[in-house]
Amino acid sequence: MFRQVVVVIAVLLGLGGMLEVLERSRRVNITARSGYSYISSRIVDDDAEEYYRLGLTPHHSIAVTTLAGDAVVDKTVLHGRFLHVTDFHPDEMSKIGASFENRCHRKDKQALPDEVMHRYGDAMSGCDSPLELYEATLQWIRDNLKDKIDFVVWTGDNVRHDNDRKNPRYEGEIFSMNEKVAEKMSSVFMDDGEEDTMPLDRRVKIVPSLGNNDVYPHNLFAPGPTLQTRELYKIWRNFVPTEQLHTFDRGAYFFREVIPNKLAVVSINTLYLFKSNPLCDNCYNRKEPGYKLFQWLGFVLKELRKRNMKVWLTGHVPPVPKNLHYSCHAKMSVWQHEYRDIIIGSLYGHMNIDHFVPLDSVKSWRTIEKRLGKLDYETYGDDDEKDDLETYEAFGLLDDDFEIERGSRRYDNAPSGKVSYLEDVRDGLYAKLKGPKKAGKDGERYSFAHVTASVVPTFNPGFRVWEYNVSELYSSEEQIYEPWEQFFARLEVELAAADSQDTLDIEASKDKTIPPIMPADLPLGPAYTPQLFSPERYTQYYVDLDYAAKHPDWKFEYQVEYSTDDDEYQMDSLLVSDWLKMARKLAKSATVAADDVETAGAKKLWKTYLNRAFIDTGYQDLPVANK
Ligand SMILES: *[C@@H]1O[C@H](CO)[C@@H](O)[C@H](O)[C@H]1NC(C)=O
Ligand SMILES: *[C@@H]1O[C@H](CO)[C@@H](O)[C@H](O)[C@H]1NC(C)=O
């Protein structure tokens, strides 16, 4: 049953005075044609000062009124903004004055004054978040950002690390902490008056994904359905659409429509792709949960494309060669590429380092081709790169922050070797990026993964707010598609059928975990050309914990660390072409000999990039940074 729905939205970026007039003129009465709905919009007049203070763009939001016939069925504001927050790691055992040596759990008479925990925690101490940091962070977000965003991407790790031998974690504690944080997230982003609303219908949509420390023992997650996937569904019931219960049970992945019929966020369970999960080996064997994850992702992306929707991919562990099995990495990359008409980008946490990583579709296709025989795929000309595996091997296998070699006493358990990691990213990935001839005019050979700062004070606590294009939602005729319940019922049947096929060597052409080539007549999506939902800029927030420790009377607040369009980064928008430009410039900073203006500029940019990567802690200048 398809009903026609007409969506009319005014094009309105500009002067406040004209807006009311325009809105009235744009609103068309179509009561006579029953079954039609209307949406009309205008820029919301907001307190510009408040937005400038927060490093955000004022007058960016639009009011949306949905009419069914003559009746107003919904009135809401679309801000064109979302929050990405990750790695809270709240630690109920942390105590002010407890020593770093004891994970901030117990005091130690030997500890020097700068080796003990302060009220909001200490960067580079190796300790998790004091409850006060976690609570004050969410309160600050509620007071300052909640009313300015449409949805929240929340990429996991809500439990302390398992790094205190005297107090090992146990399963009950992990479930219970996840439950507490989920309840808190629900209430923090609830608008006044929404108490009686079904959580899934609330204005601010929240999309969690599973972290490697959210499971017991850490990193280890079995293929579903298991007790863990069921428990997790209960914990996330306020975030996971009911009709996805069964697919969720397969492996704790799901998606949400964050703007109904327009924009979705996919939550990927990256633990099935993660090298450190001992229960997963690769993504090419049909029995592997990572393989099944891509099967599911394929169905979902196909449906979202059919519905003309756009989508963000999100998850905990980013697709960096050191993290993922190469077959999982390659598949992630080719899916992001072949759905470049709808995928806006991908968002991750886990690393605690603010940085971005390119994915090269040509290399990834080659990796897949090697494994599965010849495939017909689009190339951008001959590539002289030898082997993709070399890239993987060039990346040293860095361990988790808390399993590192011992440094000086002050930095026991603290991060080490992270500058070397970023240099690997620069020299192994940024420096290898091809020019426009091989990358495509809009850089469509590539896609990007964005890793944000964590709340946990590995470095300083941070998170970011993205702003995206909502200035124009054009007048269009749209179909209403089958209800999601029906889609998921069908999907269940198809996935079950795929499971029962026991052909081991299925033909590449039938392998649903390998994406179909994007049809040539589809235009590039919001990641590549400016359009609805294109990312425009983001603002990164942080707390200077060292300052907080030295000023006991300081009132807790996050401050703007930087925005992507500031004097340093000077990014006018956040399209793939902008990231390519940025990455190429950063790569140039490694040039040794040249003493020209351009190289000097690149070196300065690299310094800024490092400082931001470690959230203004100055970590990059410490001896442990390069180890
Ligand atoms: C729309 O048209 C209907 C029927 O002609 C009329 O009753 C109603 O008042 C109109 N609504 C508006 C907002 O003009
Ligand atoms: C936003 O998208 C519209 C098309 O919907 C486009 O015309 C406009 O240039 C975009 N704005 C920016 C700032 O890129």
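Atoms within each ligand, like the ligands themselves, are counted from 1 in listed order.
- Per-residue contacts place P530 under 4.0 angstrom from the following atoms of ligand 2 (heavy atoms of the residue considered): 14 (O).
- Proximity of the aromatic rings of W484 and F487 is defined here by a centroid distance below 6.0 angstrom, and this criterion is met.
- Distances below 4.0 Å separate heavy atoms of N469 from the following atoms of ligand 2: 1 (C), 2 (O), 3 (C), 8 (C), 10 (C), 11 (N), 12 (C), 14 (O).
- Residue E536 has no nitrogen or oxygen atom sitting less than 3.5 Å from a nitrogen or oxygen atom of ligand 2, judged on distance alone.
- The environment of K146 atom NZ is dense: over 12 non-hydrogen atoms of other residues, nucleotides or ligands sit within 6.0 angstrom.
- Residue L532 has at least one heavy-atom neighbour below 4.0 Å for each of these atoms of ligand 2: 2 (O), 5 (O).
- The CD atom of Q244 sits 9.5 Å away from atom CZ of R256, with the distance rounded to the nearest 0.5 Å.
- Residues W365 and H337 keep their aromatic ring centres 6.0 Å or farther apart.
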